[in-house]
Protein chains: 2
Amino acid sequence: MQVRLKDIAKLTGYSITTISRALAGYSDVNAQTRAYILEVAQQLGYQPNGVAQQLRRQITNTLGLVIPANAHDFSGDFFSQLLRGISAEAAEQHFDVLISSARSEEEELGIYRRLVGGHRVDGMILARTRRRDPRIAYLHAQKHPFVVAGRAAPDEPSDFPYIDADSQAGIRLLVAHLSDLGHRHIGLILPPPEIAFTEYRLLGYQEGLRAAGLPFQPSYVTHSDLTRGGGFHATQQLLEAHPHLTALIAANDLMALGAMSAAQERGLRVGRDISIVGFDDIPAAEYSYPPLTTIHQPTYETGRRLTAMLISLIRGEQPAQSQIILECALIVRRSSGRAPNYSEGGDA
Amino acid sequence: MQVRLKDIAKLTGYSITTISRALAGYSDVNAQTRAYILEVAQQLGYQPNGVAQQLRRQITNTLGLVIPANAHDFSGDFFSQLLRGISAEAAEQHFDVLISSARSEEEELGIYRRLVGGHRVDGMILARTRRRDPRIAYLHAQKHPFVVAGRAAPDEPSDFPYIDADSQAGIRLLVAHLSDLGHRHIGLILPPPEIAFTEYRLLGYQEGLRAAGLPFQPSYVTHSDLTRGGGFHATQQLLEAHPHLTALIAANDLMALGAMSAAQERGLRVGRDISIVGFDDIPAAEYSYPPLTTIHQPTYETGRRLTAMLISLIRGEQPAQSQIILECALIVRRSSGRAPNYSEGGDA
DNA sequence: CAGTAATTCCAAATCGTTTTGGATAGTTTT
DNA sequence: AAAACTATCCAAAACGATTTGGAATTACTG
């Protein structure tokens, strides 16, 4: 069924070698034979077998991405934007992206072994770094090219190429913004502690409080899934225990959206009775009600740059920068407002 | 660096054949030698070369998905949910998903040729069927397994396996819902005409109007991108030309969210001054302000079933059903309400 | 004890390319 | 006319697995 070099060889009378070299444009094949061969190939609809090429050339022009088992927010905007950036840049450089889904934590490393050890991909992209991340340990040991969206936790070495937002500074900005509005009781909804960036966000929170002269109340902090549902439940629980909280910081926008729903369900007007802010600036943040105050993170661009970095590594080049911390920008929208019974000074 | 069968053979003194058969669990290798070989393989961290396996076995256990050049809404919820469903089901059945991004319409078919003709994948998944879709024509000609999210336009043959929502009925439900609320001037925002489902949604609109005894006004219908921005601009333009419209149907939720913003920007209260409804029931629809009345479509589930269908086809099985039209359900939320100056009858 | 049947192993072919290291014939240089 | 190039072509060896079709040895049958 499928046309192979051998078929073209048989039809034209030339050897497989010559066919291959003609198609590849080598100069050691006569211009006329080359034209003839090209025409026959065209005629037959020849399409080189990519798998055979991969085997022979020992490169795949493919990047791997495995979806972690517990990435419940995979279909959320953060992952989608990242993937869009990755696949855009990959296409630009003639790479494909191989995606594999882990069904359980245990299965995850097996997939990395299959893709990397099995030579299915030339490089890997990881997202959502974890504490003592076994995936990173494995890739390090294999000396296989990889890049990571997000550095390691502060107390671990980040000895790998990554791009990460300066979320510590980002959360500080949020705390400053809220305390400027008069909030003194600010809750924090974090993802599970095993996620590497959790610690940075907690640090930023503590630093922000200190800068504002506010005490750190451990019970104002809770952990939950990075999803709308996670934010919803965390908020219910937090407001149940501490009804006097006037502001909530969620570690990502998805949770913030859930938090807004939970607050609204309690009859609170978000932006007036309670301020809720997020992190990421996903597209939905601008269109939520009320529009979400948040920290902007260029996720699509991160995907692109990460991919460009990875492809450099694969090519054996030294990327200009291999550890990038991106500045964060505060985006003030209407989900944050003056604290309810705040009056001392203020001009609006 | 990498361990091959040959290395294990050399080390153990057995032949490559025996190593291979031992690892594959054939019965013609002695239990003890097998155990020994397994141990050595384990010791060396042997990982079979997947590319070599693919070449020899002539199957890849990989499904292909190419992101169309103009899929501006790829990072929107519809695509992400679909992809999540696809990769979940694929993982279940030990398949990977190969994603390639088309940078232009012209490039698109080339990618299909490279993946399909180049034997990189065992089957393809298409989304967003177009009129006279060249991708479908190509795959048909190749007799390569593929499935499609969305059937062909009504006047074209849908002679391929697909899953599609009954969007004609869905839009009828929306029109009925709006006319029940007293709306008599209902605008419609459609995607570009080359998208196959556009026609179904237009038909549903016309049928709905007829059933409600309302006239069809062609100028109430406009076309735009399936994105928030598309819905935004279409709404601006529609309300500029026809300020007396009291309801708007957007062909998907993303456009509906944009439409709400545009209406709100004109000072209209959505759900009171104007009703806006969408289609898809993406997660954000529930969390928008006001929450969006829409038609529910089980996108994640569609991805899963589509993938299961495709894998059946690859295995040469006859799938139970290969052309599935899903029922649509109306989800009433608060973005739709009574028409402004409606009074005749009504008990609320 | 010859003949048959299991058991255990392996050489070689194959999948479809790319690349190496010539071979051959024609052309130019001395 | 021999020597040295050039221009074209190709056989064979990879890449790393799987599978076919025995071979060699041992065990069992009648």
Side-chain angles (χ1 to χ4, degrees), chain A residues 1-38 40-41 44-62 94 113-122, chain B residues 1-38 40-41 44-62 94 113-122:
Chain A
M1 176 67 230
Q2 211 48 42
V3 185
R4 297 147 310 170
L5 286 184
K6 196 202 283 193
D7 302 310
I8 306 183
K10 203 154 291 173
L11 212 76
T12 58
Y14 289 101
S15 73
I16 292 181
T17 305
T18 300
I19 308 296
S20 173
R21 298 183 73 83
L23 292 172
Y26 280 88
S27 65
D28 68 351
V29 12
N30 182 290
Q32 286 172 42
T33 40
R34 171 153 190 274
Y36 172 49
I37 289 173
L38 283 188
V40 174
L44 298 181
Y46 172 70
Q47 189 68 41
N49 183 311
V51 175
Q53 289 182 321
Q54 289 183 3
L55 177 59
R56 173 61 228 221
R57 296 185 175 144
Q58 295 288 82
I59 62 172
T60 60
N61 271 233
T62 304
H94 305 286
R113 264 192 279 270
R114 188 163 57 77
L115 298 189
V116 171
H119 283 90
R120 294 285 305 279
V121 299
D122 296 337
Chain B
M1 175 69 232
Q2 210 46 45
V3 185
R4 296 146 310 166
L5 285 185
K6 196 202 282 193
D7 303 312
I8 306 182
K10 203 153 290 172
L11 212 78
T12 59
Y14 289 101
S15 74
I16 293 181
T17 306
T18 300
I19 308 296
S20 173
R21 298 185 73 84
L23 292 173
Y26 280 86
S27 64
D28 67 351
V29 12
N30 182 292
Q32 286 173 43
T33 40
R34 171 151 189 275
Y36 172 49
I37 289 173
L38 282 188
V40 174
L44 298 180
Y46 172 71
Q47 190 67 41
N49 183 310
V51 175
Q53 288 182 321
Q54 288 182 4
L55 178 59
R56 172 61 227 225
R57 295 185 175 145
Q58 296 287 80
I59 61 173
T60 60
N61 270 229
T62 305
H94 304 287
R113 265 192 278 270
R114 187 164 58 77
L115 299 188
V116 170
H119 283 91
R120 294 283 307 279
V121 300
D122 296 337

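Just so you know, these numbers use all the heavy atoms, side chains as well, and skip hydrogens, waters and symmetry mates. Letters A, B, ... are given to chains in the order of the sequence lines, protein chains preceding strands, and every chain is numbered from 1.
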Measure [atom1]/[X] against [atom2]/[N] and give the value in whole Å, please.
X: B:Leu55; N: C:dT17; atom1: CG; atom2: P; result: 9 Å
X: B:Ile37; N: C:dC10; atom1: CD1; atom2: P; result: 8 Å
X: A:Asp7; N: C:dT17; atom1: CG; atom2: P; result: 9 Å
X: A:Asn49; N: D:dC15; atom1: CG; atom2: C1'; result: 13 Å
X: A:Ile19; N: C:dT19; atom1: CD1; atom2: C1'; result: 16 Å
X: B:Leu5; N: C:dC10; atom1: CG; atom2: P; result: 13 Å
X: A:Leu23; N: C:dT19; atom1: CG; atom2: P; result: 13 Å
X: B:Arg120; N: C:dC15; atom1: CZ; atom2: C1'; result: 16 Å

Look at all strands and tell whether [X] reaches a base, only sugar-phosphate, or nothing, counting heavy atoms closer than 4.0 Å.
X: A:Asp28; answer: base
X: A:Asn30; answer: sugar-phosphate
X: B:Arg57; answer: sugar-phosphate

Between [X] (side chain) and [Y] (backbone), is there a donor-acceptor pair under 3.5 Å?
X: B:Thr60; Y: B:Gln54; result: no
X: A:Arg34; Y: A:Ala22; result: yes
X: B:Asp122; Y: B:Asn61; result: yes

Side chain to side chain donor-acceptor pair (under 3.5 Å) between A:Ser20 and A:Thr17, intermediate numbers included = CA-CA 5 Å; A:Ser20 173; A:Thr17 305; over 6 Å; no

Is any side-chain nitrogen or oxygen of [X] closer than 4.0 Å to OP1 or OP2 of [N]?
X: B:Gln54; N: C:dC15; value: no
X: A:Ser20; N: C:dT18; value: yes
X: B:Tyr26; N: C:dT7; value: no
X: A:Gln53; N: C:dT18; value: yes
X: B:Arg56; N: C:dT14; value: no
X: A:Gln58; N: D:dG16; value: yes

Pairing of B:Asp7 and B:Lys10 as salt bridge, 4.0 angstrom limit =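 Result for this pair is no, no salt bridge flagged.
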
Between residues 10-18 of chain A and DNA chain D, which residues have a heavy-atom gap below 4.0 Å?
->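 Output list: A:Gly13, A:Tyr14, A:Ser15, A:Thr17, A:Thr18.
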
In Å and rounded to the nearest 0.5 Å, what is the CZ to CD distance from A:Arg120 to B:Gln53?
->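 Going from the CZ atom of A:Arg120 to the CD atom of B:Gln53 covers 9.0 Å.
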
Would you mind reporting whether B:Thr12 and B:Ile19 have side-chain heavy atoms less than 4.5 Å apart?
->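 The answer is yes, as the side chains (C-beta and beyond) meet within the 4.5 Å cut-off.
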
